[in-house]
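Here's the structure we're looking at; comments come further down.
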Amino acid sequence: MAGDKVIVENVNVPGQTSRLDKAKYDAMRDALLNTLPVGRDNSMTVKGALATLRIMLPEDLFPGGKTSGWWQKTVQLDLEAKGLVGRTDDKPMRIFRIG
């Protein structure tokens with residue numbers, strides 16, 4: 001249904017939520033979770049994850065990959081808040097799927 005929204009959290013700002021386009025959120029969430037390896041020892045850089053998941057995104061929602069970096073970070077922070085994704089303290093930061 002056009003205009004459907006999803007409420008997302010931000011691990012960096014507890015208690016704050018935003019309403020975003022559900023179709024784009026779901027597409028990015030699926031791509032991110034399918035891209036990220038499980039476990040800290042297998043983590044990948046944010047840049048590496050973005051390069052990999054861009055090819056998985058539907059062209060009708062992310063034409064030419066536009067705004068995919070913003071959506072990746074937003075969904076990543078939401079999934080961190082929900083305990084599905086983690087990050088390392090390395091420079092550059094690395095991210096991974098939990099469980």
Please examine the side chains of Phe96 and Asp41, heavy atoms only from C-beta on, and report whether any two atoms are closer than 4.5 Å. no
Smallest separation among heavy atoms of Lys24 and Leu61, with atom names: CE-O, 3.1 Å
Under the 3.5 angstrom rule, does the side chain of Glu59 hit a backbone N or O of Gly64 as a donor-acceptor pair? yes
Can you find a side-chain donor-acceptor pair between Ser43 and Arg94 that sits under 3.5 Å? yes
Show your working on side chain to side chain contact (heavy atoms under 4.5 Å, CB included) between Leu20 and Lys5 and close with a plain yes or no. CA-CA 5 Å; Leu20 299 178; Lys5 301 288 182 183; 5.9 Å; no
Let's go through Leu57 and Trp71 carefully: what are the C-alpha distance in whole Å and the side-chain angles of both, what is the deciding distance for side chain to side chain contact (heavy atoms under 4.5 Å, CB included) to 0.1 Å, and is it a yes or a no? CA-CA 11 Å; Leu57 296 172; Trp71 277 94; over 6 Å; no
So Met28 and Leu53, side chain to side chain contact (heavy atoms under 4.5 Å, CB included) or not? Walk me through it. CA-CA 8 Å; Met28 182 59 73; Leu53 68 82; 3.5 Å; yes
Please report the closest heavy-atom contact between Thr35 and Met44, naming both atoms and the distance. O-SD, 3.8 Å
Tell me whether Asp60 at atom CG has more than 12 heavy atoms from other residues, nucleotides or ligands lying less than 6.0 Å away. yes
The single option from Asp78, Leu77, Thr74, Thr17 that satisfies side chain to side chain contact (heavy atoms under 4.5 Å, CB included) with Asn10 is Leu77
Common cluster, Val38/Met93, ILVMFWY with side-chain heavy-atom separation under 4.5 Å: no
Please evaluate residues Leu36 and Ile95 with respect to the criterion side chain to side chain contact (heavy atoms under 4.5 Å, CB included), reporting the C-alpha separation (whole Å), side-chain torsions for both, the decisive distance (0.1 Å), and the verdict. CA-CA 7 Å; Leu36 293 179; Ile95 55 177; 3.5 Å; yes
For Lys47, does the NZ atom have more than 12 heavy-atom neighbours from other residues, nucleotides or ligands under 6.0 Å away? no
So if you build clusters from Ile, Leu, Val, Met, Phe, Trp, Tyr with side-chain heavy-atom gaps below 4.5 Å, do Ile98 and Val75 land together? no
Might you confirm whether atom NZ of Lys22 has over 12 heavy atoms from other residues, nucleotides or ligands at distances under 6.0 Å? no
Look at the side chain of Thr67 and the backbone N and O of Trp70, then say whether any donor-acceptor pair between them is shorter than 3.5 Å. no
Working to the nearest 0.5 angstrom, can you tell me the gap between Glu9 CD and Lys82 NZ? 4.0 Å
How close do Pro37 and Asn42 get, heavy atom to heavy atom, and via which atoms? CG-O, 2.6 Å
Exercise: do Arg54 and Ser68 side chains pair donor with acceptor under 3.5 Å: yes
Asp21 side chain vs Ala23 backbone, donor-acceptor pair below 3.5 Å: yes
Taking all non-hydrogen atoms of both residues into account, name the closest pair between Arg87 and Gln76 and its distance. NH2-NE2, 4.5 Å
Answer with yes or no whether the hydrophobic clustering places Val6 together with Leu32; edges join I, L, V, M, F, W, Y residues whose side-chain heavy atoms lie under 4.5 Å apart. yes
